[in-house]
Amino acid sequence: MMQCLQFLVEPTKNVTEKFKEFRKKVKNEKREPLDESQQFIVNLAKDLGRVCQRSEVLENISKSEDVWPTLTCRAFILEWASLLESKKRPMLTDGWPERSDWKDLALSSEQDMESAKRVILTWTKDLRAQPEQSVWPGEQVVAALDDFENHWKRGRMATLQSAMELVFWMLVNKELDKENIPQKWLMWKQRSQKIGATPYIPHTVWDWICDAGVEVTLDLDTANPDLLISEDEKRMRCGFDRKEVPNYHQRFDGWWCAVGTEGFSSGRQYWEVDVGEMDWRIGVAKESALRKGFKSLNTDTGYLTLRLERGTELKALTVPFTALPATLIPRKVGVYLDYNQGQLSFYDAENRSHIYTYNETFGEKLIPLFGTVEIVKDLVIRSPGNRGHCLCPGMCLWG
């Protein structure tokens, strides 16, 4: 089979190389002098790449092929200085403080920025004392770095910030099992950055998330009487006539919602939902949450959800609600629950990007929640798709 594909693979490689040369030429023509924060990131990439094996992806940063916006550099410096400082303090819960908005803090005083740089420089001083290429990151990290570089080269990632963060995090947490480093990194990112933690989740980590896939079906006894439910109990939309159904205490009679037949009180679970284009809500309901009437379905009333309104307003229904960028609006939502770690995360399942994460200690059963007011397009619960392995040798040319 590989021989049959060779006539396609080789020309594609040539096109890829020519594109890389063209982009490099254009960047060199437009390159401006780096400011202090950008130069600091360049130097840091050199230090990380010097000791970490198989981290050639960082050369794109250290050689200024990948130049980050100044605000991104400043936010990165503040965030990772905070991480290094937190390692010096007694571990609390999972060891990491809750994140503030680093991009807002990046506009703070130069004194704060210089202090953050000193923290990182103190750490890199010890790093420079280590022999070159002395740290093996593990196969999972190497695969993730290759995946990040692949997507960046295709223009699917604006910068290689995620790759640099992964190497940094691995070096700071060398005591952890290397096979779990990318997964632990993502969980930390989602705890420290609730919104848009990463623009792309590498395939090894995505596979790990999908391995928690469960079959979810709608509980007809909880569905609002206005909803039309398919025979397989995986599709729903609003109808024109209100059905005559028993008024069970667990049935929604106000909001156009239903919950799943099964709830979860331990472990990891993942499911996907094809959503509409105008108005929907996806998430979980606590078992004790009230379902009658039109009381707000938010964190105060026992609901952890993502909501789209009027086709353009994406929100996490915290109190007050958290507005999310319109660029994060998905068409297929991945919902990942890690009950024991206290995380409920939402992803754009089509491009494998993070949208939002709720972080809290769960104390009761959580039940998948679905809501829609659309009358044409069904809301559809999907099983996580098959994840076949690519046939391309080395970097994938098609994914």
Side-chain angles (χ1 to χ4, degrees), residues 183 186-187 189-191 193-198 200-201 205-219 222-223 233-236 252 255-277 279-287 289 297-299 302-308 314-318 321-322 324 328-360 362 364-372 378-387:
Q183 293 91 327
L186 180 63
M187 295 300 103
K189 281 292 294 182
Q190 292 174 167
R191 189 173 300 282
Q193 184 178 340
K194 294 179 179 179
I195 303 172
T198 178
Y200 173 72
I201 298 171
V205 182
W206 188 254
D207 286 355
W208 172 75
I209 291 172
C210 291
D211 284 341
V214 291
E215 290 292 333
V216 176
T217 55
L218 296 165
D219 185 345
T222 70
E233 299 173 353
K234 284 180 171 290
R235 295 173 175 266
M236 73 182 208
F252 290 91
W255 296 109
W256 296 272
C257 295
V259 297
T261 55
E262 182 182 359
F264 309 108
S265 54
S266 65
R268 301 190 306 126
Q269 291 83 31
Y270 175 75
W271 59 96
E272 294 179 350
V273 188
D274 288 344
V275 291
E277 298 178 356
D279 196 303
W280 49 261
R281 71 177 79 225
I282 299 293
V284 299
K286 295 181 179 180
E287 189 174 37
L297 306 186
N298 56 36
T299 49
Y303 293 86
L304 285 70
T305 61
L306 205 63
R307 174 83 189 274
L308 180 69
L314 186 65
K315 306 173 181 177
L317 295 187
T318 52
F321 71 82
T322 302
L324 304 176
L328 296 180
I329 294 176
R331 289 292 171 257
K332 177 182 286 188
V333 180
V335 185
Y336 175 68
L337 172 64
D338 190 329
Y339 192 98
N340 299 339
Q341 293 299 317
Q343 285 197 354
L344 175 71
S345 297
F346 298 90
Y347 306 108
D348 184 324
E350 291 183 327
N351 60 25
R352 300 182 185 179
S353 61
H354 176 254
I355 300 173
Y356 186 82
T357 292
Y358 286 94
N359 293 285
E360 65 174 78
F362 302 131
E364 59 180 291
K365 184 177 290 186
L366 302 177
I367 310 170
L369 173 79
F370 309 89
T372 183
D378 288 349
L379 183 150
V380 185
I381 305 170
R382 301 286 189 189
S383 301
N386 295 326
R387 305 178 310 283

Heavy atoms, side chains only, cut-off 4.5 Å: are Asp279 and Arg307 in contact?
yes
Check: Tyr336 and His354 side chains under 4.5 Å, non-hydrogen atoms
no
Run the ring-ring contact (aromatic ring centres under 6.0 Å, His included) test against Tyr303 and tell me which residues pass, sequence neighbours left out.
none
Heavy-atom donor-acceptor pair, Gln343 side chain to Met187 backbone, under 3.5 Å
yes
By ring-ring contact (aromatic ring centres under 6.0 Å, His included), Phe252 pairs with (sequence neighbours left out) none
Should Val273 and Trp280 be marked as a side chain to side chain contact (heavy atoms under 4.5 Å, CB included) after you check the CA-CA gap, both sets of side-chain angles, and the distance that decides it?
CA-CA 11 Å; Val273 188; Trp280 49 261; over 6 Å; no
Would you find a donor on one side and an acceptor on the other, under 3.5 Å apart, between the side chain of Tyr358 and the backbone of Gly342?
no
Do Asp378 side-chain atoms and Val380 backbone N/O form a donor-acceptor pair below 3.5 Å?
no
On a heavy-atom basis, which atom in Gly371 and which in Cys257 lie closest, and how many Å separate them?
CA-SG, 3.9 Å
Verify side chain to side chain contact (heavy atoms under 4.5 Å, CB included) between Leu306 and Val335, making sure each step is shown before the conclusion.
CA-CA 10 Å; Leu306 205 63; Val335 185; over 6 Å; no
Just to verify, which of Leu304, Asn340, Asp338 counts as forming a side-chain contact (heavy atoms from CB on, under 4.5 Å) with Phe362?
Leu304
Residues that Thr222 engages under side-chain contact (heavy atoms from CB on, under 4.5 Å), provided they are two or more places apart
Asp219, Gln250, Ala258, Val259, Arg291
Does the side chain of Thr318 reach to within under 4.5 Å of the side chain of Tyr356, using non-hydrogen atoms?
yes
Aromatic rings Trp206 and Tyr270: how do their planes relate, parallel, tilted or perpendicular, breaks at 30° and 60°?
perpendicular
Going by the rule salt bridge (charged side-chain N to carboxylate O under 4.0 Å, His left out), which residues pair with Lys234 if we only count those two or more places apart in sequence or in a different chain?
Glu215
Can you find a pair of side-chain heavy atoms, one from Ile195 and one from Thr322, that are under 4.5 Å apart?
yes
Short side-chain to backbone donor-acceptor contact, Gln193 and Gly196, under 3.5 Å:
yes
Check salt bridge (charged side-chain N to carboxylate O under 4.0 Å, His left out) between Glu277 and all other residues, then give those that pass, not counting sequence neighbours.
none
Run the numbers on Tyr347 and Gln190 for side chain to side chain contact (heavy atoms under 4.5 Å, CB included), then give the verdict.
CA-CA 11 Å; Tyr347 306 108; Gln190 292 174 167; 2.5 Å; yes
Just one of Leu344, Val284, Leu366 clears the side-chain contact (heavy atoms from CB on, under 4.5 Å) bar with Tyr339, so which one?
Leu366
Residues two or more places apart in sequence or in another chain: which of them pass side-chain contact (heavy atoms from CB on, under 4.5 Å) with Glu350?
Arg331, Lys332, Asp348
Of the non-hydrogen atoms in Leu314 and Pro330, which two are nearest, and what is the gap between them?
CD2-CD, 4.4 Å
Give the C-alpha distance, both sets of side-chain angles, the deciding distance and a yes or no for side chain to side chain contact (heavy atoms under 4.5 Å, CB included) between Val216 and Gln269.
CA-CA 10 Å; Val216 176; Gln269 291 83 31; over 6 Å; no
